[in-house]
Amino acid sequence: MTTTPDSRPRTSEPGAEHRTRFFDHRIPSLYAGRYRIDNRQTLEDVGGADRVIDATPQPFDVVQPRFSFDPTGINAQFPVPDAVGTYSQTLPHINLDVPGLPWNRPLGPGHPAAVPWMALLVFREDELPEDPDAVGLVKAGTVRRLLDGALGTGKPPALPPESLRPDEYDERCATVLVPNTLFDAVKPLPTEMGYLAHLREGGRPDATRAGDDPEPDEGELNAVLVANRFPAAAGGRHVVHLVSLEGFDQYLTAPAPTVGVRLVSLASWSFITEADSGVGFGDLAQHLASADGMTPRPEKELRLCVPSSGPAGAAGPQKEAAERMAGGAVALPQRLESGERTFAFYRGPLTAQPSQKPPEPAAARLDSPGEALIYLQQYGVFDTTYAAAFTTGRTLALADAEFRSALLEFRSAARTAARRLASHPALAARSAAALSGRHLTAPLAFEAFDRLLTDDDSRSGGARLNQALGQAGPQLRAGRRRTAARTRRTVGDARTVLAQPDLAGLLTQAAPEDFAKVTDWLNALRRLELLSLSHLVPDGRALPAESIRFAYIDTDWVRAAVDGALSVGVGHTLDADLNKLATGGGPVPKCAVLINSSLVPNWPNTIVTAYQGSDAVEPVRDAVFGTEIRLLLYPAVIDRFELAEPPRGLCFGIGDLGTIELRQITGDRIGHPMGEFPPPPPADDSRFQRFLRLGGKDVLNVDGPGDALVPALSTAHGLTGSLRISSAQFALQMIDAPQAQTFSRP
């Protein structure tokens, strides 16, 4: 295996089971507020002065939420209320069911219609005087008391009295005091507020195609407001407030009053972010594929073998040793029966390269580990791979009392059945379909007596028995005795039964439950379930920390282990022949993936997908050793392997590498990844820091003075001069989608 040419983590591309569209805003044809219709008629008099008639003014109100709204109108929040996780790279957001709510009234005079009147602000512990623990405490009261300054310290909103309905003064509202320095540090600029709010629409997957841009589905539209501040990397509790900035627009571009501001909180929730270690899913996944973040690891580094180096152009013993080490073998000390000390090669069932076919044994099965030893006569050393496999299987079988008992019981019953078939040609002559387990185990004397009672011919039942009983007395008085001819059957005769496939298969019914236990255990051995990690990886250097390794599975190693397990309790050749009935179990997996990384415990729901060609391949086994090593076995040799971050819903922020995924904004592939932004270099992990405001509050400089994000993104998309990306396009760029890392077989 090797990594793809672009070894950087990429965002995964899910199948088209749904689609999402983003829109900039929803500006109403009439803002919420108080209005009056005046009607004047002018009558022209041909002979004199015109007459003006003024009709009675008709006042009316456009009523929309202003100081509070029904919390059931909140469709989603992220992070979810009371969540605990690592969110220091995520911009919190809120999703509202009423699509036009953020734009249903102007922020203030002179501001563009696309600027919403509300914003999402994030606060940390010990920042809000009235809520030092950031749990969501607010000061509640009526709107009248708020506007009169009776709810406590802080400048209230400057709302024109004529804009308020009489009944609004008695409405209840929740407020939060924000100190002036804190407000100035985190407040969004009016030019930024439009980028931090957009519309989102979901719908059918075929609702948007090239040349087909239907009108938004009103039933699927939601308003989304995104915060401009990241939670603290050091962790802690945070509180998010959806605040009204109506009446404070003058302080968005000028310093806040010394007493601070008292904002109306329309909704709030809190969450806890854990300390960010600085290493996330993308960092770890990328490190598995690339040492420097840019260059894919060479194929040799991704194979399961101990790193080794040798002289260039090695030949003879050096070449032989290097090739065996490259295949996954290790050199271990060996002590011969003669007492001599040497070394031998050993390898488990996982190989770095397709295994070489071992020398054919003298028999179809192995009866002892000595038969599986490979002697490299030219170099005077042994390869103990298959001998160790035989011993491993035998040791595992001896250690499992249930399997050992089932194996012996099955063979005992099968031996009896085989000898019965050999001793009774009439029984063996029957077709396999006419025989059953009862014929193999029921007492034959009872069965013969039953036949006497029922007879085989047309005579009435019991006639043969009556006749035999009637003749018995005279024959005994005459001294005549009937001597049955007895033929002694040997083991060889029973073995001839096994040579008949239909009868041999029938022997498994002699003890069906025990036979099922044996085959289930052997299938588990074939899936390597009974082996420890030391059997699979005999040298830890082959699977170091924070690594991924790919391997083939040596079917001959597994066969030797199965032979070793079945060698338990073999007393003679018939027992050994009966073992063949248990060797036709499930297939042996063809390849393996081993991951030794903190990805395993920290992202237990990581999505792993393997492909052979374009077809996904499901693993036959997925197991974890200890806490950080994960093993996946596949029934076919895979061509591609992908690690994907667990899905977490649509959220906004930056990736683990300090970048965002640039996405297409035009054409028929809108939203498809275009690469990292900012692009490398530099190679440090703080590329995105340049787009944060000064002051250490982790506030995003969306479109303010200095190095702002929107102009940089616009330039990255080829927009120059006064051309800018829209708020919907900005939201598309800020989607923090799950990341994925792909490895491909060359």
Side-chain angles (χ1 to χ4, degrees), residues 1-2 299-300 302-306 323-330 345-359 361 366 372 374 383-393 396 519-540 542-543 547-566 583-596 608-613 615-625 629-641 743-746:
M1 288 279 179
T2 185
E299 176 187 349
K300 183 179 179 181
L302 297 178
R303 294 186 181 274
L304 185 66
C305 60
V306 176
E323 289 177 350
R324 289 184 177 272
M325 298 286 285
V330 294
F345 291 106
Y346 169 73
R347 165 178 58 73
L350 306 183
T351 70
Q353 299 172 351
S355 60
Q356 298 286 334
K357 191 70 177 174
L366 297 173
I374 300 175
D383 187 328
T384 63
T385 294
Y386 301 108
F390 184 95
T391 302
T392 298
L396 292 172
T519 54
D520 289 346
W521 191 93
L522 293 176
N523 283 335
L525 178 58
R526 291 184 180 95
R527 294 189 299 268
L528 312 184
E529 293 179 10
L530 307 179
L531 302 179
S532 66
L533 183 63
S534 61
H535 289 118
L536 304 177
V537 186
D539 192 320
L543 186 66
S547 69
I548 184 171
R549 295 294 183 264
F550 299 87
Y552 299 92
I553 297 178
D554 185 355
T555 56
D556 289 301
W557 195 102
V558 177
R559 182 182 68 85
V562 169
D563 285 348
L566 292 175
T583 57
V588 176
K590 295 296 189 295
C591 76
V593 181
L594 280 155
I595 304 169
N596 183 3
V608 294
T609 311
Y611 298 90
Q612 187 182 54
D615 299 327
V617 181
E618 293 297 324
V620 296
R621 186 186 175 203
D622 186 348
V624 175
F625 294 91
I629 297 179
R630 185 175 183 181
L631 168 70
L632 297 115
L633 300 180
Y634 292 95
V637 177
I638 60 176
D639 301 320
R640 192 157 47 96
F641 181 78
F743 301 82
S744 298
R745 186 160 65 101

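Reckoned from all heavy atoms, side chains included, excluding hydrogens, waters and symmetry mates. Computed from a predicted structure; not experimentally measured.
Without hydrogens or angle criteria, Asp639 side chain to Gly613 main chain gives a donor-acceptor distance under 3.5 Å. In this structure, the side chain of Arg527 does not engage the main chain of Arg621 through any donor-acceptor pair within 3.5 Å. A donor-acceptor pair under 3.5 Å links the side-chain atoms of Arg745 to the main chain of Ile638, judged by distance alone. Panel note: side chain Arg549, backbone Leu304; no donor-acceptor pair is recorded below 3.5 Å.
Residues passing the ring-ring contact (aromatic ring centres under 6.0 Å, His included) test with Trp521 are Phe403, sequence neighbours excluded. The ring-ring contact (aromatic ring centres under 6.0 Å, His included) check on Phe345 picks up Phe343, with sequence neighbours excluded.
Considering CG of Leu594 and CD1 of Ile548, their distance stands at 9.0 Å, rounded to 0.5 Å. Taking CG of Leu530 as the start and NE2 of His535 as the end, the distance is 10.5 Å to the nearest 0.5 Å. A distance of 4.5 Å separates CD1 in Ile629 from CG in Leu533, rounded to the nearest 0.5 Å. One finds the CZ atom of Phe550 at 10.5 Å from the CZ atom of Arg303 (value rounded to the nearest 0.5 Å). To the nearest 0.5 Å, atom CG of residue Asp539 and atom CE of residue Met325 are 7.5 Å apart. If you take OH on Tyr634 and CD on Glu618, they are separated by 8.0 Å, rounding to the nearest 0.5 Å.
Shortest non-hydrogen contact noted between Tyr386 and Arg347 is OH-NH2, 3.5 Å. Of all heavy-atom pairs spanning Val558 and Leu525, the tightest one is CG1-O, 4.5 Å. The two atoms that bring Asn523 and Arg526 nearest to each other are OD1-NH1, 2.9 Å, heavy atoms only. Across all non-hydrogen atoms, the minimal contact from Ala372 to Ala387 is CB-N, 3.4 Å. Shown here for Cys305 and Ala352, the closest heavy-atom pair between the two residues is CB-CB, 4.0 Å.
Within the 4.5 Å cutoff, the side chain of Leu632 has heavy atoms near those of the Phe641 side chain. Using a 4.5 Å cut-off on side-chain heavy atoms (C-beta onward), Leu350 and Ile553 make contact. Under the 4.5 Å side-chain criterion, counting only non-hydrogen atoms from C-beta, Thr583 is not in contact with Leu522.
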